[in-house]
Amino acid sequence: TRRFVNPIAISLLLVASLASFAWVMWHRLHPLLKAKPDASRLADIPGAIGNLAVYGFAQKRMLDDPIPGLLHIFIFVGFLVVGARTMTMIGMGFSEEFVLPGMGGKVGTGYSWLKDFVNALILLGTTGNLYRRFVSKPQRLSLKAEGWLILIWISMLVVSDLAFDAAWVNLGLAPEMSHPPLLAAVARALAPLDDGVQHVLGTGAYWLHVSLILSFLVYLPHGKHFHV
């Protein structure tokens with residue numbers, strides 16, 4: 001059986017993180033609520049939606065500098081895709097059988113393969129950006145600790161997700177399906193470990209992943225990555 005389920009622990013994590021996020025956001029939004037309305041912001045709603053699609057979601061400006069732009073896009077797309085996984089992981093803290101509505105069966109299998117591909121892109125993006133910060137060191141790139149700490153933080157989200165799934169595959173607790181290549185490779189690497197170690201690893205990876213994502217939510221309004 002899966003012993004990582006702990007409704008009390010996940011509830012406490014959710015209450016603490018959401019309350020902290022709400023408190024910070026209230027202080028961030030309070031000055032805006034007091035500001036004078038700017039009618040010009042609503043003068044061209046279709047244009048604003050178009051700009052959001054082109055520059056916000058399609059990340060057009062990132063391609064002005066292709067290599068770092070693509071590395072950034074890999075991470076950005078990753079956050080969009082793995083959002084469903086994040087909600088699933090939190091739900092699994094209450095019930096190990098939790099699945100988002102509509103994400104079972106073939107849809108869930110397809111999403112697992114998509115997530116596997118995106119996890120690889122995220123790791124490529126974080127590794128490439130870490131290389132730029134510590135090896136190639138472009139002149140215009142900031143070397144402040146916040147940048148590389150966030151990259152490691154994001155990398156650990158992917159690693160913990162893969163470790164959790166791989167341990168559960170090896171323990172026979174994952175859904176019966178053909179597993180995508182990156183997950184399968186991690187599962188093979190962990191296969192020599194005995195079941196007890198796999199269980200501890202999977203459980204630790206689960207709680208590490210959930211703690212990282214909820215603490216990232218609390219940190220986000222304080223850092224330069226708030227645009228995410």
Side-chain angles (χ1 to χ4, degrees), residues 2 4-6 9-10 12-14 16-18 20-21 68 70-93 111-112 114-135 141-171 174 179-190 193 197-228:
R2 302 182 188 180
F4 69 87
V5 175
N6 190 324
I10 195 68
L12 291 174
L13 279 174
L14 281 171
S17 58
L18 293 176
S20 298
F21 179 75
L70 281 174
L71 295 175
H72 177 93
I73 289 172
F74 290 163
I75 298 171
F76 177 77
V77 169
F79 268 95
L80 296 181
V81 172
V82 302
R85 172 61 169 178
T86 297
M87 291 185 284
T88 300
M89 291 280 273
I90 291 173
M92 290 172 72
Y111 176 76
S112 295
L114 174 62
K115 178 175 71 71
D116 194 73
F117 176 69
V118 167
N119 274 341
L121 290 182
I122 295 172
L123 290 176
L124 180 59
T126 55
T127 302
N129 276 306
L130 286 169
Y131 178 86
R132 282 166 50 77
R133 278 171 168 77
F134 291 112
V135 181
L141 186 64
S142 170
L143 298 178
K144 291 181 179 179
E146 180 186 13
W148 57 264
L149 284 173
I150 290 297
L151 291 170
I152 294 174
W153 202 331
I154 294 170
S155 299
M156 288 305 300
L157 283 170
V158 175
V159 170
S160 58
D161 177 56
L162 287 168
F164 170 73
D165 277 347
W168 257 231
V169 166
N170 290 338
L171 290 170
H179 299 294
L182 183 58
L183 171 58
V186 176
R188 284 195 300 270
L190 299 180
L193 301 176
V197 174
Q198 299 255 14
H199 193 281
V200 171
L201 178 63
T203 301
Y206 170 82
W207 287 107
L208 175 62
H209 184 88
V210 171
S211 298
L212 284 172
I213 198 66
L214 291 177
S215 57
F216 191 70
L217 175 69
V218 175
Y219 162 79
L220 202 56
H222 299 282
K224 67 177 184 179
H225 296 82
F226 192 40
H227 66 279
V228 175

Q: Could you grab the distance from atom CG of Leu124 to atom CG of Asn129, nearest 0.5 Å is fine?
A: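 Answer rounded to 0.5 Å: 9.5 Å.
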Q: Could you walk me through whether Leu130 and Trp148 pass side-chain contact (heavy atoms from CB on, under 4.5 Å), step by step?
A: CA-CA 6 Å; Leu130 286 169; Trp148 57 264; 3.8 Å; yes
Q: Under a 3.5 Å distance rule, please check whether Tyr219 uses its side chain to pair with a backbone N or O of Ile150 as donor and acceptor.
A: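 Side chain of Tyr219 to backbone of Ile150: no pair is present.
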Q: One pair to check against side-chain contact (heavy atoms from CB on, under 4.5 Å): Phe164 and Leu208. What are the steps and the verdict?
A: CA-CA 10 Å; Phe164 170 73; Leu208 175 62; over 6 Å; no
Q: Step by step, would you call Asp116 with His179 a side-chain contact (heavy atoms from CB on, under 4.5 Å)?
A: CA-CA 9 Å; Asp116 194 73; His179 299 294; over 6 Å; no
Q: What heavy-atom pair brings Tyr111 and Val81 nearest, and what distance separates the two atoms?
A: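 Shortest heavy-atom contact: OH-O, 2.7 Å.
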Q: Out of the candidates Leu13, Val218, Leu214, Leu217, only one should pair with Leu18 under the side chain to side chain contact (heavy atoms under 4.5 Å, CB included) rule; please name it.
A: Leu217
Q: Working to the nearest 0.5 Å, report the span between CG of Asp165 and NE2 of His209.
A: 9.5 Å
Q: To the nearest 0.5 angstrom, please state how far the CG atom of Leu183 sits from the NZ atom of Lys115.
A: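 Taking CG in Leu183 and NZ in Lys115, the distance rounds to 7.0 Å.
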Q: Indicate the atoms forming the closest heavy-atom contact of Ile154 with Phe79, along with that distance.
A: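 Reported closest heavy-atom pair: CD1-CE1, 3.8 Å.
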Q: Do you know the tightest heavy-atom contact between Asp161 and Arg85?
A: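 Between these two residues, the closest heavy atoms are OD1-NE, 2.7 Å.
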Q: Could you tell me whether a side-chain N or O of Thr203 sits under 3.5 Å from a main-chain N or O of Val200, the two making a donor and an acceptor?
A: no
Q: Minimum heavy-atom separation for Ala166 and Val186, please, with both atom names.
A: CB-CG1, 3.6 Å
Q: Report yes or no: does Gln198 contribute a side-chain atom to a donor-acceptor pair with the main-chain N or O of Asn170 at less than 3.5 Å?
A: no
Q: What are the two closest non-hydrogen atoms of Tyr206 and Met92, and how far apart are they?
A: OH-C, 3.7 Å
Q: Does the side chain of Val77 reach to within under 4.5 Å of the side chain of Leu121, using non-hydrogen atoms?
A: no
Q: For Leu123, is there any backbone N or O sitting under 3.5 Å from a side-chain donor or acceptor partner on Thr126?
A: yes
Q: Examine distances only and state if a side-chain atom of Ser160 and a backbone atom of Leu157 form a donor-acceptor pair shorter than 3.5 Å.
A: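 Judged by distance alone, yes, a pair lies under 3.5 Å.
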Q: What are the two closest non-hydrogen atoms of Arg133 and Leu151, and how far apart are they?
A: NH1-CD1, 3.7 Å
Q: Distance from Leu12 atom CG to Asn6 atom CG, nearest 0.5 Å?
A: 8.5 Å
Q: Relative to each other, are the rings of Trp153 and Phe216 parallel, tilted or perpendicular (30° and 60° limits)?
A: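 Judged by the thresholds at 30° and 60°, the geometry between Trp153 and Phe216 is perpendicular.
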Q: Under 3.5 Å, is there a donor-acceptor pair between the side chain of Asn119 and the main chain of Val158?
A: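 No, because the side chain of Asn119 does not come within donor-acceptor range (under 3.5 Å) of the backbone of Val158.
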Q: Nearest 0.5 Å, what's the CD1-OG distance between Ile75 and Ser155?
A: 7.5 Å
